[in-house]
Amino acid sequence: QFYQLNLKEFYKNL
Amino acid sequence: MFEAKFEDGGLFKKIVEAIKELVKNVNLEANGTGISLQAMDTSHVALVALQLNEKGFKKYRCEKSLTMGLSIENLQKILKCSGNDDQITLRTQDEEPTTLSFTFESKNRISEFQLNLMSLDQEQLGVPDTEYSSVVRMPSNEFTKICRELGNINEAIGIETSKEGIKFYVKGDIGEGQVSVKINDTEKPEERVECEVDEPVNLSFAVRYFNLFNKASALSSQVILSMSQDQPLVIEYIIEEMGSLKLYLAPKIND
């Protein structure tokens, strides 16, 4: 199963 | 006062054409070093980052940093009034401008237009300049072709890198397939395929975004794909002597 990574959350959580 | 003159106005039109289906309203930032833009699509899956350096313009002047909120759709309406060979000058007069002026100049005509600016509350993401574990350079038209072909079979496309090259693959209801692109060091730079692989990656992406990104292939004969496992991919088009257009795409992660 795949889920779509969210860019906004990804860069915010870095 | 801000003034930026594109010797090749067609280039500016190509940039707008490349991003118009990804983002609607954008803040164009201008400062002493050039013009930049960062915007995300509404689903937060893709991000557009444009950098145009002042040295690449025929004329460039920006006394004070400036944010110009633009509707891409309206910008395009104005740009349709220019010829592909025109020189295009962007200009604002006031410190807090409400309009952006355009001058389109060809051998036989000069046109002037004003585009109303908008105040956009857009968050700028701090996208770090990271090292990627796989970097692939390949002809942009070849990448376009592969995405179009494989996109017929499934909506997700897999990308796998190795020391030998890059492999694109799909698995759909009708069947599956793969395309491997071989490394080559031909003398024609536009046909070259290079892979720098520190760590191989295996990633999956929604192909419809690639098909939108590929409108940018008019900007450069080569595309650079930078990838790390489970991180957003960066597709970069170098805009000769001016800067670059980077398109970020979030992968689908194996749960």
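Computed over heavy atoms, backbone and side chain alike; hydrogens, waters and symmetry mates excluded. Bear in mind that the values here come from a model prediction, so they are computed numbers and not experimental data.
Rounded to the nearest 0.5 angstrom, Asn6(A) CG and His44(B) NE2 are separated by 6.5 Å. Atom CG of Asn254(B) sits about 10.0 Å away from atom OH of Tyr3(A), to the nearest 0.5 Å.
In this structure, Lys8(A) and Met40(B) have side chains that are in contact, with non-hydrogen atoms separated by less than 4.5 Å.
Checking side-chain atoms of Gln4(A) against main-chain N and O of Ala250(B) turns up a donor-acceptor pair under 3.5 Å.
Nearest approach of Val45(B) to Leu7(A), heavy atoms of both residues: O-CD1, 3.3 Å.
A 6.0 Å sphere centred on CD of Gln122(B) holds more than 12 heavy atoms belonging to other residues, nucleotides or ligands. Glu96(B) CD: 12 or fewer foreign heavy atoms inside a 6.0 Å radius. Atom NZ of Lys20(B) has more than 12 heavy atoms from other residues, nucleotides or ligands within 6.0 Å.
Both the backbone and the side chain of Ile253(B) come within contact range of chain A, with heavy atoms under 4.5 Å apart. Phe10(A) touches chain B through its side chain: at least one heavy atom from C-beta onward sits under 4.5 Å away, while N, CA, C and O do not.
Residues from residues 227-238 of chain B that place a non-hydrogen atom less than 4.5 Å from a non-hydrogen atom of chain A comprise Asp230(B), Gln231(B), Pro232(B), given in numerical order. Using non-hydrogen atoms only and a strict 4.5 Å limit, no part of residues 66-76 of chain B faces chain A. Of all residues in residues 200-221 of chain B, those placing a non-hydrogen atom less than 4.5 angstrom from a non-hydrogen atom of chain A are Ser204(B), Ala206(B). Within residues 138-177 of chain B, no residue has any heavy atom closer than 4.5 Å to a heavy atom of chain A.
Ranking Val127(B), Leu249(B), Asp41(B), Leu47(B) against chain A, the residue ahead of the rest is Val127(B), based on heavy-atom pairs under 4.5 Å.
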